[in-house]
Amino acid sequence: MKTAIVTDSTAYIPLEVREKYDIHMIPLTVILDTEVYEEERELRAAEFYEIIKTKDLPTTSQPPIGKFVELFEKLSENYDEVISVHLSSGISGTYQGAISAGDMVEGIDVFAFDTEVSCMVQGFYAIEAAKLAKQGKTAAEIMPILDELKETSHAYFMVDDLSNLQRGGRLSSAQAIIGSLLQVKPLLHFQDKLIVPFEKIRTKKRAMKRIVELLREATNGDPYYAVIIHANREEEAIEWKAELEQEFPNIEFSLSYFGAVIGTHLGEGSMGLGWMKKRE
């Protein structure tokens with residue numbers, strides 16, 4: 001039984017890592033004015049943050065089901081089954097699109113996995129699935145492991161401006177207004193597949209400190225993967241990574257970013273930290 005691993009572009013897994021683990025990527029799209037771009041293929045994060053300085057807020061869209069069908073049919077030539085790992089179904093229809101497409105394709109079994117999160121924490125699931133697939137594990141063996149990893153996986157992030165989340169429908173108007181009036185830097189996280197406030201904190205510095213406290217509590221000295229995620233704030237992210245590596249020798253840190261689709265909703269200047277326990 002040969003198992004393929006698919007994820008979508010919002011995992012923001014670097015190309016060289018996708019190639020190393022044979023992870024197939026299906027892009028979400030960003031619509032800027034009348035131009036449609038496939039994220040991570042036609043529109044990189046750095047380009048995106050430059051473009052939006054002079055344009056209105058773009059919109060985003062899940063992959064067309066036809067793109068999923070096309071990819072799954074191609075994979076059916078060399079694989080028996082697919083595990084398709086996607087961003088939270090509470091903020092996108094991508095996961096449901098994978099399920100629908102799987103029902104339409106003959107000759108290959110499709111197992112969709114809802115990470116209930118996004119960005120490189122979603123990527124952690126895809127990479128873990130790919131490692132297991134390379135060991136010869138089947139979807140029946142891999143899917144329960146991914147479910148177990150949810151117990152150790154968390155992500156917290158803060159945004160400089162709540163208006164993007166509110167305009168994109170990912171945060172209620174009332175929450176956005178309260179935050180902007182009080183100059184609050186709310187810590188956000190995924191709960192029940194949705195982006196919701198975790199705590200209201202007055203300054204970015206305090207918010208970052210609080211995330212570190214949450215990391216310390218969650219990891220408790222155990223071996224973990226963690227990722228610092230930024231929206232066009234690479235230098236700040238690199239500095240934070242260096243500080244965290246000194247404090248947490250048990251954790252393997254990496255850097256990632258909020259790409260065009262997620263960046264549309266969070267806005268430039270956002271910063272996040274996510275983690276997942278290493279398997280034995």
Side-chain angles (χ1 to χ4, degrees), residues 1-31 36-44 60-151 153 193 259-262 276 279:
M1 184 72 79
K2 200 174 176 192
T3 307
I5 306 300
V6 169
T7 194
D8 61 72
S9 57
T10 66
Y12 305 121
I13 302 172
L15 177 61
E16 61 272 18
V17 177
R18 296 203 309 267
E19 289 178 343
K20 177 181 177 180
Y21 292 110
D22 296 327
I23 297 170
H24 304 266
M25 188 270 284
I26 190 156
L28 277 74
T29 55
V30 178
I31 301 98
V36 179
Y37 299 91
E38 289 190 341
E39 178 184 51
E40 295 293 281
R41 286 185 180 163
E42 299 170 337
L43 185 63
R44 306 291 294 176
T60 61
S61 179
Q62 68 198 58
I65 287 181
K67 291 280 187 183
F68 273 116
V69 170
E70 185 181 326
L71 176 59
F72 293 160
E73 285 179 343
K74 184 178 178 184
L75 291 173
S76 72
E77 297 168 11
N78 298 298
Y79 294 90
D80 303 294
E81 57 183 17
V82 178
I83 295 176
S84 207
V85 178
H86 297 294
L87 78 163
S88 178
S89 62
I91 63 168
S92 171
T94 305
Y95 164 77
Q96 190 58 52
I99 292 174
S100 299
D103 291 339
M104 298 165 68
V105 176
E106 301 289 335
I108 193 164
D109 294 320
V110 176
F111 299 84
F113 183 75
D114 184 354
T115 65
E116 302 183 24
V117 70
S118 187
C119 298
M120 193 57 200
V121 180
Q122 171 189 337
F124 286 161
Y125 287 104
I127 291 168
E128 193 62 41
K131 288 177 180 177
L132 292 165
K134 279 185 172 291
Q135 294 169 16
K137 303 280 189 192
T138 64
E141 295 168 297
I142 296 170
M143 294 291 279
I145 293 171
L146 298 184
D147 279 325
E148 286 172 18
L149 287 172
K150 279 188 180 177
E151 300 300 314
S153 168
K193 306 179 184 179
V261 167
I262 302 300
M276 178 183 286
R279 294 182 62 247

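Heavy atoms only: backbone and side chains are in, while hydrogens, waters and symmetry mates are out.
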- Message: Atom CD of residue position Glu16 - does it have more than 12 heavy atoms of other residues, nucleotides or ligands inside 6.0 Å?
- Response: yes
- Closest non-hydrogen atom pair between Asn78 and Lys2, with its separation: O-CD, 3.3 Å
- Query: Looking at CD of Gln62 and CD1 of Ile65, how far apart are the two atoms once the value is rounded to the nearest 0.5 Å?
  - Reply: 7.5 Å
- Message: Within the structure provided, determine whether Met104 and Phe68 are in side-chain contact (heavy-atom separation under 4.5 Å).
- Response: no
- From CA spacing to verdict: side chain to side chain contact (heavy atoms under 4.5 Å, CB included), Ile5, Asp22: CA-CA 7 Å; Ile5 306 300; Asp22 296 327; over 6 Å; no
- Message: If I take atom CD1 from residue Ile83 and atom CG from residue Leu132, how far apart are they, to the nearest 0.5 angstrom?
- Response: 8.0 Å
- Item | Pairwise distance CD1(Ile91) to CD(Glu116) - rounded to 0.5 angstrom | 11.5 Å
- Is there a side chain to side chain donor-acceptor pair (under 3.5 Å) between Tyr12 and Glu39 once you walk through the steps? CA-CA 10 Å; Tyr12 305 121; Glu39 178 184 51; 2.4 Å; yes
- Task: Report yes or no: does Glu42 contribute a side-chain atom to a donor-acceptor pair with the main-chain N or O of Glu38 at less than 3.5 Å?
- Result: yes
- Item | Any residue meeting salt bridge (Lys or Arg N to Asp or Glu O under 4.0 Å) with Asp114, in chain and number order, not counting sequence neighbours | Lys193
- Query: Pairs in or reaching into residues 128-148: which pass ring-ring contact (aromatic ring centres under 6.0 Å, His included), with residues at least two apart or in two chains?
  - Reply: none
- Point-to-point distance, once rounded to the nearest 0.5 Å, from OG1 of Thr138 to CG of Asp80: 10.5 Å
- Message: Between Arg44 and Glu40 (salt bridge meaning N to carboxylate O under 4.0 Å), is one present in this structure?
- Response: yes
- Item | Point-to-point distance, once rounded to the nearest 0.5 Å, from CD1 of Ile262 to CE of Met120 | 14.0 Å
- Message: Quick one: does any side-chain atom of Glu151 pair with a main-chain N or O of Glu148 as donor and acceptor, under 3.5 Å?
- Response: no
- Task: Working to the nearest 0.5 Å, report the span between CD1 of Ile127 and NZ of Lys20.
- Result: 9.0 Å
- Closest non-hydrogen atom pair, Leu43 against Ala260: CD2-CB, 3.9 Å
- Message: Could you check whether any side-chain N or O of Thr60 sits under 3.5 Å from a backbone N or O of Val261, counting only pairs where one atom can act as donor and the other as acceptor?
- Response: no
- Apply the test side chain to side chain contact (heavy atoms under 4.5 Å, CB included) to residues Val82 and Phe111: give CA-CA distance (whole Å), side-chain angles for both, the deciding distance (0.1 Å), then the verdict. CA-CA 6 Å; Val82 178; Phe111 299 84; over 6 Å; no
- Task: Identify the two heavy atoms, one from Ala140 and one from Pro144, that lie closest to each other, and give their separation to 0.1 Å.
- Result: O-CD, 3.2 Å
- Query: More than 12 non-hydrogen atoms from neighbouring residues, nucleotides or ligands closer than 6.0 Å to NZ on Lys137, yes or no?
  - Reply: no
- Shortest non-hydrogen contact from Ile13 to Ala126? CD1-CB, 3.9 Å
- Message: If we ignore hydrogens and angles and just use 3.5 Å, is the side chain of Thr3 paired with the main-chain N or O of Glu81 as donor and acceptor?
- Response: no
- State, with a plain yes or no, whether a side-chain heavy atom of Thr10 is found less than 4.5 Å away from one of Cys119. no
- Stepwise, does the side chain to side chain contact (heavy atoms under 4.5 Å, CB included) test hold for Val110 with Ile99? CA-CA 7 Å; Val110 176; Ile99 292 174; over 6 Å; no
- Message: If we ignore hydrogens and angles and just use 3.5 Å, is the side chain of Ser100 paired with the main-chain N or O of Gln96 as donor and acceptor?
- Response: yes
- Task: Starting from the C-alpha separation in whole Å, work towards a yes-or-no answer on side chain to side chain contact (heavy atoms under 4.5 Å, CB included) for Val6 and Leu71.
- Result: CA-CA 9 Å; Val6 169; Leu71 176 59; 3.9 Å; yes
- Message: Ignoring hydrogens, what is the shortest heavy-atom contact between Met25 and Asp8? Give both atom names and the distance.
- Response: CG-C, 3.9 Å
- Within 45° of the ring axis of Phe72 and under 6.0 Å from its six-membered ring centre, is that where the NZ or CZ of Lys67 lies? no
- Message: Looking at Lys131, I want to see if its NZ is surrounded by more than 12 non-hydrogen atoms of other residues, nucleotides or ligands under 6.0 Å.
- Response: yes
- Task: Determine whether Leu87 and Tyr95 make a side-chain contact, defined as any pair of heavy atoms from C-beta on separated by less than 4.5 Å.
- Result: no
- Side chain proximity check, Phe113 to His86, heavy atoms < 4.5 angstrom: no
- Within the distance-only criterion (no hydrogens, no angle test), does the side chain of Arg41 pair as donor or acceptor with the backbone N or O of Pro27 below 3.5 angstrom? no
- Message: Does Ser76 form a side chain to side chain donor-acceptor pair (under 3.5 Å) with Glu73? I'd like the steps, not just the answer.
- Response: CA-CA 5 Å; Ser76 72; Glu73 285 179 343; over 6 Å; no
- Would you check if Leu28 and Ser9 make a side-chain contact, meaning some heavy-atom pair closer than 4.5 Å? yes
